[in-house]
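The structure appears right after this line, and notes come after that.
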Amino acid sequence: MGLYSFAILTLALLFVGCAKKQEAETTAEAPVPTVEEPAAAAPATTKPAAAATPAAPENLPGENEIRAALDRKDYMGSLDRLIALRGVAQAGGKWFEYRQLAADVGERLVEAAQKDPNAVPALNGYRQYMAGQ
């Protein structure tokens with residue numbers, strides 16, 4: 001029953017966090033006046049600074065956030081998001097995509113745990129979660 005309660009709490013926190021993020025995005029969409037510099041002042045050979053790679057299309061809502069958390073070495077955060085996503089995947093008929101994502105998270109946690117001791121608790125939690133304990 002403890003894992004079930006944990007999953008519900010995590011899911012609730014995820015949705016509250018997403019609602020705040022959506023509010024911030026709607027207020028951030030307001031046009032910001034900028035001062036344009038003359039084209040002659042800019043060097044002709046400059047490349048765009050740190051062109052952000054577009055995020056991969058999500059099969060599941062929040063999938064990219066889980067992968068980003070792993071990239072940031074927020075291992076427990078990625079596990080919490082994965083657990084919270086389970087109900088959405090089951091209800092939305094995306095179980096296959098969820099299982100693929102869960103397998104990827106598991107593989108990345110195994111790799112990270114070999115190099116980073118901070119990943120070990122998340123890996124143990126992942127294994128318990130996948131075993132249904």
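Here, residue 1 is the first one in the sequence, and each next residue gets the next number.
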Quiz prompt | Chi angles and distances behind the salt bridge (Lys or Arg N to Asp or Glu O under 4.0 Å) call for D104, R99 | solution = CA-CA 9 Å; D104 185 43; R99 293 296 294 174; over 6 Å; no

Quiz item: Step by step, would you call L101 with L60 a side-chain contact (heavy atoms from CB on, under 4.5 Å)?
Solution: CA-CA 9 Å; L101 176 62; L60 295 165; 4.2 Å; yes

Quiz item: Where do Y75 and D116 land on the side-chain contact (heavy atoms from CB on, under 4.5 Å) test, with the steps shown first?
Solution: CA-CA 10 Å; Y75 305 115; D116 187 355; 3.3 Å; yes

Practice problem: Could you please spell out the steps behind the salt bridge (Lys or Arg N to Asp or Glu O under 4.0 Å) verdict for R67 and E63? | Solution: CA-CA 6 Å; R67 295 182 194 282; E63 176 181 352; 2.9 Å; yes

Quiz item: Hey, mind stepping through E111 and L70 against side-chain contact (heavy atoms from CB on, under 4.5 Å) and telling me if it holds?
Solution: CA-CA 11 Å; E111 291 172 7; L70 286 170; over 6 Å; no

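With rounding to the nearest 0.5 Å, the separation of CG in L109 from CG in L79 is 7.0 Å. Separating the CD1 atom in I66 from the CG atom in D71 is a distance of 12.0 Å, to the nearest 0.5 Å. Rounded to the nearest 0.5 Å, atoms CZ (R108) and CG (L123) are 13.5 Å apart.
Here the closest non-hydrogen pair linking A69 and R81 is CB-NH1, 3.7 Å. Closest non-hydrogen pair, E97 versus G93, comes out as OE1-O, 4.4 Å.
Two residues are said to be in side-chain contact when any heavy atoms from C-beta on lie closer than 4.5 Å; V105 and M130 fail this criterion. The shortest distance between side-chain heavy atoms of V88 and Y98 does not fall below 4.5 Å. Here the side chains of V110 and R127 are in contact, with some heavy-atom distance below 4.5 Å. Taking the side chain as every heavy atom from C-beta outward, Y129 and R86 approach each other to under 4.5 Å.
Residues V120 and I83 fall into different hydrophobic clusters, defined by Ile, Leu, Val, Met, Phe, Trp and Tyr side chains chained together at heavy-atom separations under 4.5 Å.
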